[in-house]
Amino acid sequence: MLERRLHPSKALLHAADLINDAQLMASHGIVFGKPKIELDKLRAFKDGVVAKLTGGLAAMAKQRKVRGVRGVGTFVSPHEIEVETGEGKKLVRFEQCIIAAGSQAVKLPGLPWGDPRVMDSTDALMLGEIPKKLLVIGGGIIGLEMACVYDALGSEVTVVELFDQLMPGTDPDLVRPLQQRIAERYAGIYLKTKVASAKAQKNGIEVTFEGDNAPKPQVFDRVLCAVGRTPNGNKIAADKAGVRVTERGFIPVDKQLRTNVRHIFAIGDIVGPPMLAHKATHEAKVAAEVCAGLKSAFDARVIPSVAYTDPEVAWVGVTEREAKDKKLEVGVAKFPWAASGRALGMDRSEGFTKLIFDKQTQRVIGGGIVGVHAGDLIS
Ligand code: NAD
């Protein structure tokens with residue numbers, strides 16, 4: 001849980017950026033040559049980043065006299081949790097509790113999961129090898145970020161997505177420049193397509209497809225399944241504490257992050273979407289403040305989203321579609337980066353900025369940016 005939240009993917013995405021930038025400059029008179037990728041060193045760098053972050057957190061917690069118990073915890077009563085530490089069970093009593101047990105990757109049934117060549121995002125971040133041919137199932141943020149990493153490292157990437165759009169739900173306008181760029185680089189992007197079967201063979205994973213634009217059966221060296229994440233609410237014996245969990249595994253909370261049990265709080269992926277680290281950390285702060293007796297509440301008006309793809313896609317507030325659905329009177333201002341000296345100077349002018357404003361008050365109520373560093377600009 002912690003490791004994923006501490007963004008090991010960002011270290012790899014940075015490496016991908018560097019490779020892509022170097023490649024791009026080759027046509028402008030600075031030629032670095034083909035990069036030599038030392039996978040062990042790259043993996044060690046990524047692990048080092050994670051270790052620094054987790055180590056730093058552990059040290060900060062220690063300074064504040066927080067006791068950590070490592071293991072798998074399940075409730076046994078409204079005031080007790082049992083932790084299986086690997087060296088026996090430990091009972092921890094509490095007056096108040098904040099549940100932050102997160103989510104896990106959905107494992108598409110029918111894939112040969114016992115085979116190490118079939119990966120979820122956690123496996124993909126381990127960088128076991130750079131597959132020659134990689135299939136990414138699911139064109140959401142995780143699938144596309146990992147596709148970006150493996151493409152830069154030299155894999156031939158194919159993406160299949162069930163919906164008729166990559167990153168479904170995101171403003172299609174914003175996704176277009178990303179889709180155009182990756183369509184040129186990847187072996188294939190198949191929308192309205194799903195995997196019909198996947199069999200482990202000696203030479204790879206043999207996959208057949210189903211759907212409007214389904215490609216022919218192919219053998220892939222590795223397959224990454226990134227079809228969404230599911231909350232861990234049903235894995236902590238919440239019923240023993242009397243905490244309500246929905247059928248899907250979410251734990252409902254109020255604005256103070258309280259569950260139905262007054263002294264038990266929950267934050268993060270487990271309380272519902274958006275499943276974003278910055279939403280989780282803010283909720284955590286609010287929950288801690290409420291536990292400490294402060295009059296805090298989660299009142300974020302908007303929560304920005306960033307896909308760290310290349311180009312990056314970032315958005316916040318009301319989208320054009322939402323405005324239409326809600327019949328809001330809005331105006332839309334769009335600035336193409338083809339007119340931005342900064343973007344042209346990077347030879348990356350495919351991006352644009354879009355602002356949505358209330359027609360009457362002229363107040364900006366939403367915005368989207370696609371292009372390099374969109375994620376840095378959205379704030
Ligand atoms: P997602 O739900 O965003 O995307 C999954 C995609 O898989 C969807 O587009 C869906 O249509 C598709 N899909 C589902 N079943 C399929 C099938 N059988 N065949 C083909 N495609 C299929 O989930 P995700 O990308 O796994 O991410 C999970 C969560 O983590 C999201 O909420 C995401 O926002 C969050 N996250 C965010 C960031 C970030 O902000 N940079 C990074 C990582 C994860």
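Computed from a prediction, not measured in an experiment: that's the story for all the values here.
Distance check: Thr319 OG1 to Asp173 CG gives 11.0 Å after rounding to the nearest 0.5 Å. Taken from OG1 in Thr259 to CD1 in Ile267, the straight-line distance is 13.0 Å, to the nearest 0.5 Å. Once rounded to the nearest 0.5 Å, the distance linking CD of Gln104 with NZ of Lys235 reads 3.0 Å. Here Glu80 contributes atom CD and Phe94 contributes atom CZ; the two are 8.0 Å apart, rounded to the nearest 0.5 Å. In this structure, the separation between CG on Leu127 and CG on Leu12 is 5.0 Å, given to the nearest 0.5 Å. If you take NZ on Lys36 and NZ on Lys41, they are separated by 7.5 Å, rounding to the nearest 0.5 Å.
In this structure, the side chains of Phe298 and Leu257 come closer than 4.5 Å at one or more pairs of heavy atoms. For the pair Trp337/Ile369, a side-chain contact is recorded, criterion being any heavy-atom separation below 4.5 Å from C-beta on. Looking at Ile141 and Met167, their side chains come closer than 4.5 Å, going by heavy atoms from C-beta outward. For the pair Leu153 and Ile19, the minimum side-chain heavy-atom distance is below 4.5 Å. Side-chain contact between Thr158 and Tyr186: absent, with no pair of heavy atoms (C-beta onward) separated by less than 4.5 Å. You'll find the side chain of Leu166 reaches within 4.5 Å of the side chain of Ile189, heavy atoms only. With contacts defined as side-chain heavy-atom distances shorter than 4.5 Å, the pair Asp47/Arg43 qualifies.
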Chi angles and distances behind the side-chain contact (heavy atoms from CB on, under 4.5 Å) call for Asp239, Val245: CA-CA 8 Å; Asp239 55 312; Val245 181; over 6 Å; no

Assess whether side-chain contact (heavy atoms from CB on, under 4.5 Å) is satisfied between Glu129 and Arg222, documenting all intermediate values. CA-CA 9 Å; Glu129 63 166 6; Arg222 288 211 173 207; 2.9 Å; yes

Determine, stepwise, if the pair Val49 / Leu53 fulfils side-chain contact (heavy atoms from CB on, under 4.5 Å). CA-CA 6 Å; Val49 171; Leu53 281 167; 4.3 Å; yes

Could you please spell out the steps behind the side-chain contact (heavy atoms from CB on, under 4.5 Å) verdict for Leu224 and Tyr150? CA-CA 11 Å; Leu224 163 64; Tyr150 278 94; 5.8 Å; no

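Within a 6.0 Å sphere centred on CZ of Phe335, heavy atoms belonging to other residues, nucleotides or ligands number more than 12. Environment of NE2 in His278: crowded, with over 12 heavy atoms of neighbouring residues, nucleotides or ligands closer than 6.0 Å. Within 6.0 Å of CD on Glu329 lie no more than 12 heavy atoms contributed by other residues, nucleotides or ligands.
Figure legend: cation-pi geometry between Lys334 and Phe352, with NZ or CZ positioned under 6.0 Å from the six-membered ring centre and within 45° of its axis. Seen from the ring of Phe220, Lys133 counts as a face-on cation partner, given the 6.0 Å and 45° thresholds.
Heavy atoms only, all atoms of each residue included: Val195 and Phe209 are closest at CG2-CE2, 4.1 Å. Residues Pro168 and Phe163 share a closest heavy-atom pair of CG-CB, 3.7 Å. Asp358 and Ile365 make their closest contact through N-CG1, 4.2 Å (heavy atoms, listed as atom of the first residue, atom of the second, distance). The two residues Asn213 and Tyr190 come nearest to each other via the heavy atoms O-CD2, 3.3 Å. Scanning both residues, Glu322 and Gly317, for their nearest heavy atoms gives OE1-O, 4.3 Å. Residues Gly268 and Glu283 come closest through the heavy atom pair N-OE1, 2.7 Å.
A donor-acceptor distance shorter than 3.5 angstrom exists from the side chain of Thr281 to the backbone of Ala277, with no hydrogens or angles considered. Under a 3.5 Å cut-off, the side chain of Asp123 and the backbone N or O of Asp120 do form a donor-acceptor pair. Looking at Thr193, its side chain does come within 3.5 Å of a backbone N or O of Leu191 through a donor-acceptor pair.
If you chain together hydrophobic residues whose side chains sit under 4.5 Å apart, Leu134 and Ile205 never meet in one group. When the side chains of ILVMFWY residues are joined at heavy-atom separations under 4.5 Å, either directly or via intervening members, Val157 and Val207 end up in two distinct hydrophobic clusters. Connection of Val290 to Val243 is established within a shared hydrophobic cluster, with ILVMFWY side chains joined at heavy-atom distances below 4.5 Å, either directly or through further cluster members. Residues Leu125 and Val306 fall within the same hydrophobic cluster, defined by Ile, Leu, Val, Met, Phe, Trp and Tyr side chains chained together at heavy-atom separations under 4.5 Å. With hydrophobic clusters built from ILVMFWY side chains whose heavy atoms lie under 4.5 angstrom apart, Ile303 shares a cluster with Val271.
Taking the six-membered ring where the residue is Trp, His263 and His79 present parallel rings, their angle staying beneath 30° rather than reaching 60°.
Clustering of Ile, Leu, Val, Met, Phe, Trp and Tyr side chains at separations under 4.5 Å places Leu91 together with Val76.
Under a 4.0 Å N-O distance rule, the pair Asp221/Lys132 does not qualify as a salt bridge. One finds no salt bridge joining Glu84 and Lys90 here, because no Lys/Arg side-chain nitrogen approaches an Asp/Glu carboxylate oxygen to under 4.0 Å. Under 4.0 Å is where a charged nitrogen must lie from a carboxylate oxygen, and between Glu320 and Lys354 at least one such pair does.
The closest side-chain donor-acceptor pair between Gln23 and Lys34, if any, does not fall under 3.5 angstrom. Side-chain contact check for Ser103 and Thr230: no donor-acceptor pair (N or O, by modelled atom type) lies under 3.5 Å.
Each side chain to side chain donor-acceptor pair (under 3.5 Å) pair with one or both residues in residues 297-315, not counting sequence neighbours, appears once here: Asn20-Asp310, Arg181-Asp310, Asp310-Arg348.
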